[in-house]
A.B. asks: 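Here it is: the structure, laid out below.
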Amino acid sequence: MSAPSTPVVERSDALHRYEVRVDGELAGFTEYLDHDGQRVFYHTLVEDAFAGRGLAGQLVQAALTDVRAAGKRVVPVCPYVAKFLVKHQEFSDIADEVTPEIKGWLRSRLG
């Protein structure tokens with residue numbers, strides 16, 4: 001019996017997302033676009049085959065830690081990221097409100 005693998009989270013700048021991999025296989029991602037010093041997170045997904053392992057939380061925590069280290073702020077348009085921020089107040093100092101302006105900008109960028 002093999003031991004469970006440790007998930008690995010990496011930022012993929014080319015795809016504008018953070019990815020979580022298990023045994024090298026893409027298990028999920030959270031997508032973002034950067035805007036004026038803010039990293040706007042708009043979608044998070046964990047594949048069904050990897051559900052129930054806490055990967056989304058590990059993914060978002062690593063992403064927010066990276067955002068903080070980069071000196072950026074977070075805008076949680078994605079409902080999962082917004083919920084994560086409510087439960088994890090240690091990131092409240094880098095979180096910005098989702099405004100109609102941000103939503104409009106995001107819609108214009110995503111088409």
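Note that the structure is a prediction, hence the values are computed from the model and not measured. Hydrogens, waters and symmetry mates are skipped; everything else that's a heavy atom, side chains included, is used.
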A.B. asks: Are Leu59 and Phe50 connected, step by step, through hydrophobic side chains (Ile, Leu, Val, Met, Phe, Trp, Tyr) whose heavy atoms are closer than 4.5 Å?
C.D. replies: yes
A.B. asks: Find out whether Arg39 and Asp66 are in side-chain contact, i.e. whether some heavy atom of one side chain is under 4.5 Å from a heavy atom of the other.
C.D. replies: yes
A.B. asks: Heavy atoms, side chains only, cut-off 4.5 Å: are Gln58 and Leu55 in contact?
C.D. replies: yes
A.B. asks: First locate atom NE2 of His35, then atom CD of Glu101, and finally report the distance between them rounded to the nearest 0.5 Å.
C.D. replies: 9.0 Å
A.B. asks: Taking a hydrophobic cluster as the set of Ile, Leu, Val, Met, Phe, Trp and Tyr residues connected by side-chain heavy atoms closer than 4.5 Å, whether directly or through intermediates, do Tyr80 and Val46 fall within one such cluster?
C.D. replies: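 Tyr80 and Val46: one cluster.
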A.B. asks: Among the clusters formed by ILVMFWY side chains lying less than 4.5 Å apart, do Phe84 and Leu45 turn up in the same one?
C.D. replies: no
A.B. asks: Between Glu19 and Arg17, does at least one N-O distance fall below 4.0 Å, as a salt bridge requires?
C.D. replies: yes
A.B. asks: Any idea how Tyr32 and Tyr18 line up, ring-wise: parallel (<30°), tilted (30 to 60°), or perpendicular (>60°)?
C.D. replies: tilted
A.B. asks: Could you tell me which residues satisfy side-chain hydrogen bond (donor to acceptor under 3.5 Å, both in side chains) with His88, sequence neighbours excluded, listed by chain and number?
C.D. replies: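 Here the qualifying residues are Glu90.
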A.B. asks: Going only through I, L, V, M, F, W and Y residues with side-chain contacts under 4.5 Å, is there a path from Phe41 to Phe29?
C.D. replies: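 They do not share one cluster, since no chain of ILVMFWY contacts under 4.5 Å joins Phe41 to Phe29.
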A.B. asks: Does the side chain of Gln61 come within less than 4.5 Å of Thr65's, by heavy atoms?
C.D. replies: yes
A.B. asks: Distance check, rounded to the nearest 0.5 Å: Thr30 atom OG1 versus His43 atom NE2?
C.D. replies: 8.5 Å
A.B. asks: More than 12 heavy atoms of other residues, nucleotides or ligands under 6.0 Å from NZ of Lys72: yes or no?
C.D. replies: yes
A.B. asks: Could you work out the complete set of other residues in the hydrophobic cluster of Val98, with links drawn between I, L, V, M, F, W and Y side chains under 4.5 Å apart?
C.D. replies: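 In the cluster with Val98 are Leu33, Val40, Tyr42, Val75, Val77, Ile102, Trp105, Leu106, Leu110.
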A.B. asks: Do you know which two heavy atoms are closest between Gln89 and Leu85, and how far apart they sit?
C.D. replies: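 So the two residues come closest at NE2-O, 3.4 Å.
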A.B. asks: Is it true that Arg68 and Asp93 have a side-chain N and a carboxylate O under 4.0 angstrom from each other?
C.D. replies: yes
A.B. asks: Please determine whether residues Val20 and Phe91 belong to a single hydrophobic cluster, defined as Ile, Leu, Val, Met, Phe, Trp and Tyr linked transitively by side-chain heavy-atom distances below 4.5 Å.
C.D. replies: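 The answer is yes; both residues are in one hydrophobic cluster.
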